[in-house]
Amino acid sequence: MLVVIRGAGDIASGIALRLHRAGMQVVMCDLAVPTSIRRTVCFSEAIRLGEVRVEDVRGVLCDDVEAARAVVAAGAVAVLVDPDATCVPALAPDALVDAILAKRNLGTTRDMAPVVIGVGPGFTAQRDCDAAVETMRGHYLGRVYYEGSPIPNTAVPGLIGGYAGERVMRAPADGVFEPCVEIGAQVKAGDVCATVAGEPMRATIDGVVRGLLQAGVLVRAGMKSGDVDPRCHPEYIKSSSDKALAVGGGVLESLLALTGALEVRENDGSANESVVSPHPNVDVRKNDGSAEKNVALAHLTGSTFSDAAFVSVLADELAAGRRVGLASLLATRGSMPRHEGARLAVTEKDRLLGTVGGGAIERRAIERARAARDGAAPSLTWYHTGDEMACGGDALLATRSLTADDLPVLLALRDALERDEPATVTEDWSDPAAPAIALAPASRLAGPTWDDARATYREPVAAPSRLHIFGAGHVGAALVGVASAAGFEACVYDDRPELATRDHLPAATSVTCGSFEELAAAAAIGPRDFVVVLTHGHAHDETVLLAVLTRDVQPAYVGCIGSARKADLAREHLVAGGVPQERVDAIAMPIGLAIGAVTPAEIALAITAQLVRRRAERRGEGPGKGERA
């Protein structure tokens, strides 16, 4: 998902951190001379320095939209000097966040992107944005309003270390701001921290300078220009504040809800399922003649023909009588950001769905898919990345238009995915001017294959693996959201009625309450499924593990939370209970990758990372992005 953020100050940067760490691409827009105060945690500093690092995330100043695309594709945050966000039409983001914090709307409108979020006072949800996020410190900080507005500005700073307005330093006169100390310096009340037109700006309390405007900024008398933290922890200046991250969490929630990533499936007891938003006032599936509100879900879950959301968007576009340009990787050689099966589509309204990996090949794919949509002939060419991308691999890039003739195949594919029936997609390129796509029964293909002699591509497709989570406590609830965003359909089981609810687990595909012994015995666990055991007691853990590991059909993965000592005891008990040793040895216990996780959210991330790696191994894919084992 590509998100443009207006503003690059400390609150906007906290939002960017949250979104970037959730896997989204972020482009930030700010003034040529930013007025950020907490500059050590602001991506706006990239405008002054060219490059900056906020916590563990790199921000890079970009000259234009194409440079910004390349930066975000490389895994960094892109920063543009663009206070009016004129880049938006060219970038065509999936969402726009206005985090200027001007206490009023400076020109953001709902039609600027499929999803528009306003941050702080001055925005009204359903009028000039789709949702607004509270920035006032206190009980409501970070709350998302899907109707109405955040609390009006009180002009009173929030309490930090027992001080509110006293910790803020204000310009003593009109003129050019010239700091006398560095951010992080320890000061006492009365110390001069900056001058404006020869007038001193003094600290009003003892503490650590938490923020100062950069030198050369034109200020007005009384303008907020610095901040002193009375808690006297210099290390705080290098980390985003609790407020910034809380607001960032609200923005992340609203994006997931409004783009469809938190859709909940409800079954009324019949064969029909309906998809509803976890927020009663948000209709994420509302069809106004386009499928644009579902774009982000297609990005999050893979944009292949095994991605039901991606296929559904394409089918909806064709059913509405609109043409779609499709770019596909049919074969790859060497190192590539994505491999065969990756797809990207450009709709008639010029919305982008999916990705073939970013960078130069992404730009080429978008250009050719857009041209095919507009009537250009199909193309099938090997693309050599060595001259334009550091990865140096090659890809067979196919581009063509999808028309009403392709709709029956896409509908059949969508039905197969919804019924969880594996199938095979075949693309015949023997006549390059008229490529044909067809759906066939499942084959024994281990993965996508390109037959060069017959100019034919075959790809096994199947619905996403189900993730069975036993335990809906803190870690289980966090895991549902993270794993769902990574493309797993989460089925949750717990024996506590207060936790086994849709309200507690809005992103779950299903939620079932009962005894763990009965739940584990009745769960429909298949050979492609993943099982994670996170119950509220080791006895329950062993009950579930015994039920799962003594089945005839074994899941693809079984993991259980716990210490190394607990793992040793559980393995002894399982072997004594009749579980074959090889099955016991295969349990991921303790569960998750070793990333130093402590909080429930961090543990959920570590577990999801292990699930993604195991899924990639089963698909025969390489290690992908990140550290190489």
Side-chain angles (χ1 to χ4, degrees), residues 7-14 16-17 28 30-59 61 79 81 99-102 137 155-245:
D10 66 311
I11 300 298
S13 296
L17 288 178
M28 307 188 78
D30 211 332
L31 300 164
V33 182
T35 55
S36 305
I37 292 177
R38 291 204 64 212
R39 292 183 286 113
T40 51
V41 287
C42 292
F43 285 109
S44 61
E45 277 289 85
I47 295 174
R48 185 173 70 92
L49 303 174
E51 185 173 315
V52 71
R53 188 170 290 275
V54 178
E55 296 191 4
D56 59 342
V57 178
R58 180 168 158 257
L61 176 64
V79 182
V81 176
I100 297 173
L101 298 183
R137 283 189 182 273
V156 178
L159 280 170
I160 291 182
Y163 294 89
E166 306 96 320
R167 62 182 174 82
V168 174
M169 295 183 285
R170 300 187 180 275
D174 295 348
V176 177
F177 186 83
E178 295 294 342
C180 301
V181 298
E182 298 290 332
I183 295 175
Q186 294 209 10
V187 295
K188 293 186 176 296
D191 287 353
V192 177
C193 297
T195 61
V196 180
E199 294 290 325
M201 184 183 80
R202 301 179 184 275
T204 57
I205 60 172
D206 298 348
V208 170
V209 176
R210 187 169 178 249
L212 280 176
L213 291 173
Q214 70 182 62
V217 175
L218 287 172
V219 298
R220 302 177 309 278
M223 177 176 167
K224 181 178 177 181
S225 303
D227 188 2
V228 175
D229 189 338
R231 295 171 297 183
C232 294
H233 287 284
E235 67 273 17
Y236 286 1
I237 69 169
K238 292 293 186 180
S239 58
S240 196
S241 70
D242 54 346
K243 176 178 178 177
L245 293 178

May I have the list of side-chain donor-acceptor pairs in residues 30-37 shorter than 3.5 Å, sequence neighbours left out?
| from | atom 1 | to | atom 2 | distance (Å) |
| --- | --- | --- | --- | --- |
| D30 | OD2 | A8 | N | 3.0 |
| S36 | OG | S44 | OG | 2.7 |

(message) So that I can tick it off, tell me whether R167 and D227 are bridged by a salt bridge, with the cut-off set at under 4.0 angstrom between side-chain N and carboxylate O.
(response) yes
(request) Report the residues that fulfil side-chain contact (heavy atoms from CB on, under 4.5 Å) with A215, sequence neighbours left out, ordered by chain and then residue number. (result) E178, P179
(request) Under the side-chain contact (heavy atoms from CB on, under 4.5 Å) rule, collect the residues that match up with A12, sequence neighbours excluded. (result) I5, M28, A99
(message) Could you check whether any side-chain heavy atom of V228 comes within less than 4.5 Å of a side-chain heavy atom of V168, counting everything from C-beta outward?
(response) no
(message) If I compare all heavy atoms of V57 with all of F43, which pair ends up nearest, and what's the gap?
(response) O-CE2, 3.6 Å
(message) Please find the pair of heavy atoms, one from A171 and one from V219, that lie closest to each other, and give the distance.
(response) CB-CG2, 3.7 Å
(request) Go through V217 and V176 one step at a time and tell me if the side chain to side chain contact (heavy atoms under 4.5 Å, CB included) criterion holds. (result) CA-CA 6 Å; V217 175; V176 177; over 6 Å; no
(request) Show your reasoning for whether side chain to side chain contact (heavy atoms under 4.5 Å, CB included) applies to S13 and V41. (result) CA-CA 7 Å; S13 296; V41 287; 5.9 Å; no
(message) Going by salt bridge (charged side-chain N to carboxylate O under 4.0 Å, His left out), name the pairs with one or both residues in residues 43-55, residues two or more places apart or in two chains.
(response) R21-E55, R39-E45, E45-R48, E51-R58
(message) Evaluate D229 against Y236 for side chain to side chain contact (heavy atoms under 4.5 Å, CB included), listing each step before the verdict.
(response) CA-CA 9 Å; D229 189 338; Y236 286 1; 3.9 Å; yes
Can you measure from [atom1] ([X]) to [atom2] ([Y]) and round to the nearest 0.5 angstrom?
X: R38; Y: L213; atom1: CZ; atom2: CG; value: 14.0 Å
X: S225; Y: L212; atom1: OG; atom2: CG; value: 8.5 Å
X: D56; Y: S239; atom1: CG; atom2: OG; value: 11.5 Å

What pairs of donor and acceptor atoms, side-chain ones from residues 180-204 against any protein atom, are under 3.5 angstrom apart with sequence neighbours left out?
| from | atom 1 | to | atom 2 | distance (Å) |
| --- | --- | --- | --- | --- |
| D191 | OD2 | K188 | N | 2.8 |
| R202 | NH1 | G190 | O | 3.0 |
| T204 | OG1 | E166 | O | 2.2 |

(request) Kindly write out the residues that satisfy side chain to side chain donor-acceptor pair (under 3.5 Å) with D174, not counting sequence neighbours, or none if the list is empty. (result) none
(message) Going by the rule side chain to side chain donor-acceptor pair (under 3.5 Å), which residues pair with S240 if we only count those two or more places apart in sequence or in a different chain?
(response) none
(message) Checking F177 now: which residues fulfil ring pair (Phe, Tyr, Trp, His ring centres under 6.0 Å) with it, not counting sequence neighbours?
(response) none
